[in-house]
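Worksheet: the structure to be examined is printed underneath.
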Amino acid sequence: MNTKKRGLVIGLILLALLFAGLYILENTISSSTMLITILKKGVIYALIAVSMNLLNGFTGLFSLGQAGFMLIGAYTYAILTIPVNMRGMIYQYYDGGIVQFALPAIIGILCAGLLAAFFAFLVGLPVLRLKSDYLAIATLGFAEIIRAIIQYEGLGPLTNGSNLLRRFPTFQSVLYPFAAAAICIGAILLLINSTYGRAFKAIRDDEVAAEAMGINLFFHKQLSFVVSSFFAGIGGALLAMYQGSIQVATFKSAMTYEILLIVVIGGMGSVTGSVIASFLFVASSEWWLRFLDNEMFIGTFQVPLLRSGFRMVVFSVIIMAVVLFYRRGIMGDKEFSLTRVRNRLLNRKAGRNA
Amino acid sequence: MPEKMLELNDITMQFGGVVAVNNLSMYIGKGEIVALIGPNGAGKTTAFNCVTGVYKPSNGQVKYQGQVIVSNHPAGKMKALYAGENRDRYPHVVDPTPDKITRMGIARTFQNIRLFKTQTVFENVLIATHLHRTSNPISAAFRLNWREEQKMRELSLEMLDFVGLSAMKDELATSLPYGKQRRLEIARALATRPKLLLLDEPAAGMNPQETADLAQFIVEIKERFNLTIFLIEHHMDLVMDISERIYVIDFGKLIAHGEPHEVQDNPDVITAYLGVEDI
């Protein structure tokens with residue numbers, strides 16, 4: 001118990017240091033540098049990846065609906081928070097739309113999560129009775145259907161059809177997404193470590209035994225699905241804030257696969273793994289591997305293969321390599337802990353001395 | 001006669017044309033140890049699964065403490081196939097899921113051990129205390145109920161102590177030797193605080209010494225937790241030593257029942273176990 005409390009204190013101190021570091025960083029370098037962009041996008045992806053991991057890694061439900069719930073979250077946020085005087089311009093084809101009020105950003109974000117959770121509840125009723133691949137197909141289908149519905153002309157006054165939504169409140173400081181993600185990931189961690197989280201893991205390990213221990217399978221699957229979607233909705237709202245404008249085309253199933261890739265690389269069933277992998281993924285795709293998309297000349301020699309789209313080829317190869325040789329991901333189902341790092345270092349030292 | 005804890009009335013389980021359990025009726029009195037025995041494939045585990053809600057019986061009824069917990073009658077295609085004497089005797093259908101049955105106070109272990117593989121010994125038992133929670137997900141996540149959490153941990157530790165596994169509580173459940181995994185399964189079942197414990201072939205794969213220890217252990221559990229025990233086994237030694245009454249089934253049909261010595265001398269039972277001599 002005591003070590004646990006100490007761990008909590010150390011964790012909080014590290015978190016405070018992280019925020020102090022971010023604050024200093026932000027005030028020393030320009031906010032348009034790549035690093036700041038990566039940090040903002042990375043932390044939002046981290047929240048979404050952790051929410052997906054709750055479902056796929058901890059409850060063992062292979063769902064591919066994450067982009068759909070992010071889409072619901074992003075649109076809910078945008079629709080509810082665009083200032084009234086901007087609506088005429090944005091909903092230019094729909095006479096300013098039917099929503100004629102604007103909520104504060106925080107309430108918009110909460111509504112984004114709640115509506116995503118509500119849809120998850122409805123979808124979960126039939127879909128969670130399916131197993132493994134069938135569940136994946138059904139949730140993927142749901143995400144595509146939601147995308148089609150939002151694009152539907154008839155809903156234009158509400159969703160602006162397939163046109164952009166913009167001019168909703170966004171954030172400038174990098175601290176904003178970090179604070180939101182820290183609160184959300186903290187809540188997910190608390191749930192995972194509670195008695196309900198233990199029930200989730202029991203269902204993942206052995207459904208028959210879990211049911212024989214008095215765990216109501218459907219209720220717990222539904223709970224995990226709703227909570228995961230709630231945070232995916234919030235993640236979607238934050239992503240909308242980060243991008244400044246949204247349209248449905250952003251939330252294709254490719255986005256779900258990106259998140260799934262992060263979860264697998266980080267390790268199914270590891271929250272810290274998902275967080276680490278999110279930053280790695282975003283940094284690679286936006287920054288470190290960008291050069292792959294540009295033609296490069298050394299003198300007059302053109303480096304072969306490098307051209308627009310080659311980055312995605314490299315990504316595919318990385319996925320295959322991870323699935324073939326590194327299936328447990330960076331963290332497996334373990335969490336990052338300072339004690340483990342220390343023990344490993346001490347062991348190595350002891351090994352050298354012996 | 002003691003109060004009836006569990007009662008099976010005309011339980012029939014049909015898989016298409018195969019009748020796995022055929023009009024099985026039996027009862028278990030409060031505080032008894034009762035065994036259901038029979039050769040391989042006789043339908044013992046199927047009968048068990050009808051009680052615990054894994055299968056819906058094709059016909060018949062299960063009562064627990066006088067209350068009907070499972071009830072069914074043959075329907076559709078089964079109705080045409082089923083030629084049992086008690087068809088249509090159980091008009092209403094009650095078909096609960098296994099988790100509901102466990103919450104009523106019936107816990108079970110599995111023939112082929114089913115532990116939570118990625119969890120430690122302690123966590124395996126802790127999961128079984130989840131069913132008596134009073135907290136909702138939010139109060140559980142934000143530790144508004146830390147007293148309950150503490151109680152769950154205490155109960156789990158107590159169970160591990162009782163089965164003698166507390167020294168290895170932080171090891172991975174699957175890293176335990178076979179016999180200890182069986183004990184862990186029993187500890188896990190006990191942590192659900194049952195009144196009736198169903199043991200599915202607890203001595204499977206054990207040597208004679210381990211089997212003898214287990215027999216003693218089962219009696220100990222019964223005394224300590226004031227339990228009723230329903231046991232499936234085909235190790236005759238274990239069954240003869242500890243059960244008060246024995247039911248014998250073969251090809252799904254009850255062929256004998258009574259006290260151990262009565263059953264032992266029953267010619268039908270001997271035939272079922274040893275076969276008939278062809279002349």
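Within every chain, numbering begins at 1; the chains are lettered A, B, ... in the order of the sequence lines, protein sequences first and strands thereafter.
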Residue, of Ser135(B), Pro194(B), Ala189(B), that accumulates the most heavy atom pairs under 4.5 Å with chain A: Ser135(B)

So which of Lys201(A), Arg204(A), Met213(A) has the biggest tally of heavy-atom pairs under 4.5 Å with chain B? Met213(A)

Quick one: does Arg114(B)'s side chain have a donor or acceptor within less than 3.5 Å of a partner on Ala209(A)'s backbone? no

Contact class of Val208(A) relative to chain B, heavy atoms under 4.5 angstrom: both

Any side-chain heavy-atom pair of Ile215(A) and Leu131(B) under 4.5 Å: no

Distance in Å, Lys117(B) NZ paired with Asp205(A) CG, rounded so as to fall on 0.5 Å steps: 7.5 Å

Could you report the tightest heavy-atom contact between Phe110(B) and Ala212(A), atom names first, then the distance? CZ-CB, 3.5 Å

If you count heavy-atom pairs under 4.5 Å with chain A, which of Pro137(B), Ala191(B), Gly53(B), Ala107(B) comes out on top? Pro137(B)

Does Asn226(B) CG have over 12 foreign heavy atoms under 6.0 Å away? no

Max heavy-atom pairs within cutoff under 4.5 Å with chain A, candidates Ile127(B), Ile106(B), Thr52(B), Asn124(B), goes to Ile127(B)

What part of Gln119(B) lies closer than 4.5 angstrom to a heavy atom of chain A: side chain, backbone, both or neither? both

Asp99(B) side-chain N/O to Glu211(A) backbone N/O, donor-acceptor pair under 3.5 Å: no

Is it the case that more than 12 heavy atoms not belonging to Lys56(B) sit under 6.0 Å from its NZ atom? no

Report, as yes or no, whether the 6.0 Å neighbourhood of atom CZ on Phe162(B) holds more than 12 heavy atoms from other residues, nucleotides or ligands. yes

Can you tell which of Arg103(B), Arg133(B), Met152(B) has the highest number of heavy-atom pairs within less than 4.5 Å of chain A? Arg133(B)

Quick check on Met104(B) against chain A: is it the side chain, the backbone, both or neither that has a heavy atom closer than 4.5 Å? neither

How about Leu125(A): does its CG atom have over 12 heavy atoms from other parts shown lying under 6.0 Å from it? yes

Name the region of Asn193(A), side chain, backbone, both or neither, that has any atom closer than 4.5 Å to a heavy atom of chain B. both

For Phe118(A), does the CZ atom have more than 12 heavy-atom neighbours from other residues, nucleotides or ligands under 6.0 Å away? no

How long is the span from the CZ atom in Phe142(B) to the CG atom in Leu191(A), to the nearest 0.5 Å? 8.5 Å

Between Arg143(B) and Ser194(A), do the side chains contain a donor N or O and an acceptor N or O under 3.5 Å apart? no

Contacting moiety of Phe219(A), where chain B heavy atoms sit under 4.5 Å: side chain

Distance col, row Phe218(A):CZ vs Thr97(B):OG1, nearest 0.5 angstrom, shows 12.0 Å

Determine whether more than 12 heavy atoms belonging to other residues, nucleotides or ligands lie under 6.0 Å from atom CZ of Phe15(B). yes

Below 4.5 Å from any heavy atom of chain A, which atoms of Ala140(B) appear? Answer side chain, backbone, both or neither. both

Take atom NZ of Lys180(B) as the centre, draw a 6.0 Å sphere, and report whether it contains more than 12 heavy atoms from other residues, nucleotides or ligands. no

Give a yes or no on this: more than 12 heavy atoms of other residues, nucleotides or ligands lie within 6.0 Å of atom CZ of Arg224(B). yes

